[in-house]
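Here is the structure we will look at.
Fair warning: this is a prediction, and the values are worked out from it, not measured in the lab. Positions are given from 1, in the same order as the sequence printed here.
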Amino acid sequence: MFASYFGNCITLTRVITEDESSAFDIFDALNTTGEPLTALETLRPRVIKFERDYKGYKGSDSESAFKEIGDNLEEICKGKGPSKKPMETKEMIVTFALYITGDKLAKDLAQQRLYLRNQFREATSSNRDKRLYVGGFLTSLKKVSTFRRFYWNVSELKNIGSYHGNDIVESVKLQMRFLIAMGNSLALPILARYWSSELDRDNDVQFENVLRALVAFVVLRRAATGSTAGIDSDLRGVMSGFTSGDARKLCRGIKEENELISVSELRVLFKDRLERKLQTFDKSSWVDKVCANPLYRQSRELVRFMVFAAAHNAKPSKKSPGLWDRSSHVPSVDHANLLTFNTWEDDRYGTVEHVAPSRYSDEWPMELYTDEILRHSLGNLILLPKLENSILGASNWDKKKQLYLALAESDVGQLKKIIAQAEQSGFSFPVRLREKLEKGNRLSILDSMRDVDEWDLDLVVRRGKNIAELCWDVVRPWLDD
């Protein structure tokens, strides 16, 4: 049976080339597995051929680099289906192209194969030090794959403690998690230039400063403009230079010819891009732009970050119910730090909810429904657990406030009174929700809602401005020395 199948169903084609180089060109287009070879897989034979002129591929640094890259890809794609690995490989090469040459590379397989082949040829074109350049080329590829594995993969973020001091690791994890949520993958080549697997103390601080500056740029830009238009070009411009011949480019270079831009200069580049896009870049004009944006529709993850930043180390305003105040506040246990990875991942703050429902309801002031943008703006949004969000739905203000009070209450006795009063007024707490509340997992971020009597247009406007201002006070300094 086997002989019959082999003789009748298999065709063998023999291809003879004039030299080995042509043989490798043909190999790029052939595949014995039935699936398209990734650009990385077609690069490997060229590296093997190069290593033969030295001590051989076996046991070489090149073999070690490919093994580590493969291990990183396996970990990133574990349990995510067969299509994940080819896609992750393409995305990794897109990051690598920006990292090493500043080139904008598509996810097209043919283009990626050609790019790696040409850049590897460039690395081996020198008569001197070609071994060093090839090593740097593969080390850069390995570095990009490692960085993507640990910093662009939510399940691995918890493992980055070995790269950072205990005093900043939570901050780094949060800000990377935010960039992941925002989908800003073009931040990766910028960050990778300041990262190594052996960060010392000084470089650790430098990396955090770069990360903060980048996050500040994303937050300030997206909150003011709403859309992503142009932001990708700005991030690419940091790597490749904004104009032809621009000496301020962050890409490494095939032969490591580009020096690392200082953190101060990188901050200047970000501020310059913000000023060009926003024209007037100061607190007052930025806050006005933010308040005029329907951020709920544009980016709920951005809303979450801004609310955390606004409530960070703040307390409810005594003069203005519904607002936050940080002017004379000494941080307490509850309000000490909302800008942490654990807070971001906490299901209690998992969803963004409209206070006044997004669709018209005659139980709410009509003035809230004359401006559709206002209903989706910061001032009318709040963070809640998914269950509680679904329970409230389009309830009126009285019912919503009762739930807010219950969620913010830390005293069990007082909590029971709130639940009893709510049930007397016709609002029944589901059993599952009651059990969660009695466990004492209160939401301090709702403290500012305790003394709000009415939810009206004036409060929504003032609250939106308050959140934007306090967010600016936290994030804007990240762009300064």
Item checked: Whether Arg267 side chain and Asp480 backbone form a donor-acceptor pair below 3.5 Å -> yes
Next item on the list: Look at the side chain of Asn258 and the backbone N and O of Cys251, then say whether any donor-acceptor pair between them is shorter than 3.5 Å.
Entry: yes
Note to self: Applying the side chain to side chain donor-acceptor pair (under 3.5 Å) criterion to Asp473, which one of His312, Lys283, Arg326 satisfies it?
What the structure shows: Lys283
Next item on the list: With rounding to the nearest 0.5 Å, note down the distance linking CD1 in Ile100 to CZ in Arg193.
Entry: 9.5 Å
Checklist line | Derivation and outcome, salt bridge (charged side-chain N to carboxylate O under 4.0 Å, His left out), residues Arg252 and Glu259 | finding: CA-CA 7 Å; Arg252 175 188 180 275; Glu259 294 184 1; over 6 Å; no
Check: Rounded to the nearest 0.5 Å, how far apart are CZ of Phe217 and CD1 of Ile231?
Finding: 5.0 Å
Next item on the list: In sequence, state the C-alpha distance, the side-chain angles, and the governing distance for Arg221 and Asp234, and then conclude on salt bridge (charged side-chain N to carboxylate O under 4.0 Å, His left out).
Entry: CA-CA 11 Å; Arg221 172 67 185 279; Asp234 285 343; 2.9 Å; yes
Check: Does the side chain of Thr228 pick up a donor-acceptor pair with the side chain of Arg222 at under 3.5 Å?
Finding: no
Check: Taking the side chain from Lys173 and the backbone from Lys158, do they hold a donor-acceptor pair closer than 3.5 Å?
Finding: no
Margin query: If we ignore hydrogens and angles and just use 3.5 Å, is the side chain of Arg463 paired with the main-chain N or O of Leu381 as donor and acceptor?
Written below: yes
Check: Is it true that the side chains of Asn380 and Trp455 contain a donor and an acceptor less than 3.5 Å apart?
Finding: yes
Notebook entry, point to check: Do Glu156 and Asn159 meet the criterion of a side-chain donor-acceptor pair at a distance under 3.5 Å?
Noted result: yes
Margin query: I'd like to know if the side chain of Ser317 reaches the main chain of Asp325, judged simply by a donor and an acceptor atom lying under 3.5 Å from each other, with no hydrogens or angles considered.
Written below: no
Notebook entry, point to check: Do Arg304 and Phe308 have side-chain heavy atoms sitting under 4.5 Å apart?
Noted result: yes
Notebook entry, point to check: To the nearest 0.5 Å, how far apart are OG in Ser377 and CG in Leu295?
Noted result: 7.5 Å
Check: Between Gln402 and Lys400, is there a donor-acceptor pair closer than 3.5 Å when you use the side chain of the first and the backbone of the second?
Finding: no
Notebook entry, point to check: Side-chain contact, heavy-atom cut-off 4.5 Å: Arg462 with Leu459?
Noted result: yes
Item checked: Check: Trp472 ring centroid to Phe281 ring centroid under 6.0 Å -> yes
Checklist line | Flag, side chain of Asn293 to backbone of Ala223, donor-acceptor distance under 3.5 Å | finding: yes
Margin query: Please find the pair of heavy atoms, one from Arg450 and one from Arg442, that lie closest to each other, and give the distance.
Written below: NH2-NH1, 3.8 Å
Checklist line | Glu91 side chain to Thr95 side chain, donor-acceptor N/O pair below 3.5 angstrom | finding: no
Margin query: Whether the side chain of Asp347 engages the backbone of Gly350 through a donor-acceptor N/O pair (distance < 3.5 Å, no angle test) should be reported.
Written below: no
Margin query: Quick check for you: to the nearest 0.5 Å, what is the distance between Asp232 atom CG and Asn184 atom CG?
Written below: 7.5 Å
Next item on the list: Measure from the side-chain N and O atoms of Ser285 to the backbone N and O of Thr280, and report whether any donor-acceptor pair falls under 3.5 Å.
Entry: yes
Margin query: For the residue pair Asn153 / Ser155, report whether a side-chain donor-acceptor contact shorter than 3.5 Å exists.
Written below: yes
Margin query: Please confirm whether the ring centroid of Tyr369 lies under 6.0 Å from the ring centroid of Tyr360.
Written below: yes
Next item on the list: Examine Arg113 relative to Tyr115 and say whether NZ or CZ is less than 6.0 Å from the centre of the six-membered ring and inside a 45° cone about the ring axis.
Entry: no
Note to self: Using modelled atom types and a 3.5 Å cut-off, is there a donor and acceptor pairing between side-chain atoms of Lys401 and backbone atoms of Val452?
What the structure shows: yes
Check: With Thr146, which of Arg148, Lys143, Lys142 fulfils side-chain contact (heavy atoms from CB on, under 4.5 Å)?
Finding: Lys142
Item checked: Phe147 and Tyr163 aromatic centres sub-6.0 Å -> no
Note to self: Can you tell me how far apart CG (Leu338) and CH2 (Trp344) are? Round to the nearest 0.5 Å.
What the structure shows: 12.5 Å
Notebook entry, point to check: Once you round to the nearest 0.5 Å, how far does CG of Leu250 lie from CG of Leu269?
Noted result: 9.0 Å
